[in-house]
Amino acid sequence: MLLQMAWRNLMRNRRRTLLTLSAMSLGVCAIVFGHSFNEATWSKVIRQVTESQVGHLQVHGAGWQAEPELGNVVADPAQVEARVASALPGARLAQRVLGYGLAGTEKQSAAVVVMGLQPEREPSGEGPLSVVRGRALSSERSGEVVLGRSLADQLELEPGGELVMLGQAVDGSMANDRYTVAGVADAGSDELDATAVFLNLADAQAFFGLGGVHQLLVRLPTEDQDVSAHLEALRGALDLAELEGLSWDQMLPELKSVVDQKRGGIKGLAAVVFLIVALGVLNAMTMSTFERTREFGVMASLGTRRGTIRRLVVTEALLLGVVGLAVGVALAAAGIGAVGSIDMSGLTSSGDMVGVRIPSVFELRLYPSSVGQAALTVLLTVLAGGLWPAWRASRLKPVEATRSV
Amino acid sequence: MSVVRVAGVKKSYLAKGKVVTEALRGVDLVVEKGEFMAIAGPSGSGKTTLLNLIGALDTPTSGTVEVDGRDLGTLSPNEQADLRRDRIGFVFQAYNLIPVLSAAENAEYVMGLKRVPAAERRRRVAELLAQVGLEGLEEKRPLEMSGGQQQRVAVARAIAAEPAVVLADEPTANLDQATGRALVEMMRRLNRDRGVTFIFSSHDPMVLESADRVVRLVDGKVASDERKSPGEPQAASS
Ligand SMILES: Nc1ncnc2c1ncn2[C@@H]1O[C@H](COP(=O)(O)OP(=O)(O)O)[C@@H](O)[C@H]1O
Ligand SMILES: [Mg+2]
């Protein structure tokens, strides 16, 4: 009965209801669209980072993240892998070695980051495996390297060329070796492009004279960006006196804070929508309850409790919200479907942000969290716009409301 | 048994904290179950004020009002609302139906508040609307009905939940003579057939004629209280 009365009351002044609804639907559409756009960008960035660069989680020797010393290794990676695999079923694991050195040809030389990895366990076609010229790294010891592309330019090296690397081995002795360039890669960030030399893990271990590995990457079978539960499970499986377990957002706090900040931007949009639409709802509900002063008086005289009158008006506001939300989400879904994927390469110089390449093309989709954000905003909007008129209507004195006019 | 008991009631209206009108200046009144009583008096004599006090729509400045033995002054807003719902029926001068509800839904309204089951509500409303001569208009909205028809729906709504007393403030004032007369005759019939207690105000002599008892207010005081002696002819009933 309340719901029916609320609906009919909304239909009494169709023009006003339609006006309020269009404002609300547009607001919802803007929030959903903006939020989806945001999510599409950032989830792609994070996916890229976790897939090709750091994984979702990593295991290091204790303290390595803060102070990456060459000798601080995961000494028995096979044993740690077994534990991690049983704590996090379905996770994909990969080992890496990370050090520094000097790379040179007869003419040029450069300070480089030396990364040893297991190509067969890294996602193919991404990061070091995203070869733009030549071949990818072999999964065996081969004496071959893949170079980041700006580094290759700087050293004037092409696949087939030769390069000498110098460095310090873990025992303090001089490390040096000669390698053949197998390929040149789009390494995933400007920094890596300019500095990275990728080797097979075993080649890197031999170069540095290392027994263990520096990083054990854990890639989780999840789209979820919040991996704190997984992190807990990981840490539970580790001997924390010897080892440390970290998540991507702990390893890349700047990225995390940029993402959070960009996500916060949508809250700003939501707040603006909230303000405008809440004022509209307040205005519409105030007018409509004011016009019905007499009617509320009659309802009160008939024995309707104040709470019931309040509920009627709040129900009207909520109905507005539900319809506005539905229409707005439908509009946004249609818009997202029509747009499909967005290519931003013409708009922004596809640069890096805190060491991560921002994708220029990404696929829009309707995220449940976008609808959630819009629903929350609508709820706050209709409550902000509806509660006061509802309260006012319920406090009307029946005598004053029903006095003959 | 008395349904309404008004004792020593005064009512002043204030504006900016100052008394501007003494609408009632000490009224005593007892109304028994089954009465068909009119409150008469010129405009401004306090009829509406008195009915509002009896209906718990307003509170007296001094004195007490009891309905069904309950002192209204002791009730919380929710208790007052429940008392109106359960014990009092209202008919106002005009525009007192809920516009978004049909005739039948309006008549059901108070029963709905009392959580009478839907089937029972429907049965009673069908019977009542027939009794007030509105068969076939059940689904009409107030705006689609004439003033007389609307007042009949209001009367049906007032008595549907079987209140102890129906208060009607100038129910015929907005109706033409014939329609007003028919409405009062209908109320009279409901009073006789169902024993519903009616208190209505009017300054129309023809309407007053049909009452068993006429309390006349002048300047906020009871000037006279006349009962028709048995045998005196009553208003014509159809
Ligand atoms: N809310 C009010 N504020 C001030 N004066 C009022 C108010 N309601 C009624 N009055 C005054 O009280 C007196 C009695 O009014 P009312 O009870 O409406 O009389 P009646 O219904 O007999 O015409 C009148 O003088 C009227 O002007
Ligand atoms: Mg009056």
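Owing to the predicted nature of the structure, the values given are computational and were not obtained by experimental measurement. Chain letters run A, B, ... following the sequence lines, proteins first and then strands; every chain starts at 1.
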Closest non-hydrogen atoms of P398(A) and R84(B), given as atom of the first, atom of the second and distance, are CG-NH2, 4.3 Å

Winner by heavy-atom pair count (cut-off under 4.5 Å) against chain B, out of L302(A), T304(A), T308(A) = L302(A)

Per-residue tally against chain A (heavy atom, under 4.5 Å) across A81(B), A56(B), P163(B), A161(B) peaks at A81(B)

Just by distance, do the side chain of R305(A) and the backbone of D82(B) share a donor-acceptor pair under 3.5 Å?
-> no

Please tell me if the side chains of R157(B) and V298(A) come closer than 4.5 Å, counting only heavy atoms from C-beta onward.
-> yes

L101(B) versus chain A, heavy atoms under 4.5 Å apart: side chain, backbone, both or neither?
-> both

Count the heavy atoms of every other residue, nucleotide or ligand shown that sit under 6.0 Å from NZ of K140(B), and state whether that count exceeds 12.
-> no

Below 4.5 Å from any heavy atom of chain B, which atoms of R306(A) appear? Answer side chain, backbone, both or neither.
-> both

Roughly how far apart are I98(B) CD1 and R294(A) CZ, rounded to 0.5 Å?
-> 12.5 Å

If you round to the nearest 0.5 Å, how far is CG of D169(B) from OG of S301(A)?
-> 11.0 Å

R141(B), CZ: over 12 other non-hydrogen atoms inside 6.0 angstrom | yes

Heavy-atom pairs under 4.5 Å with chain A are the metric here; pick the option from A158(B), G55(B), P77(B) that has the most.
-> P77(B)

T49(B), L113(B), I88(B): which one forms the most heavy-atom pairs within less than 4.5 Å of chain A?
-> L113(B)

Taking all atoms of both residues into account, what is the closest heavy-atom pair of R8(A) and S102(B), and its distance?
-> NH1-N, 4.2 Å

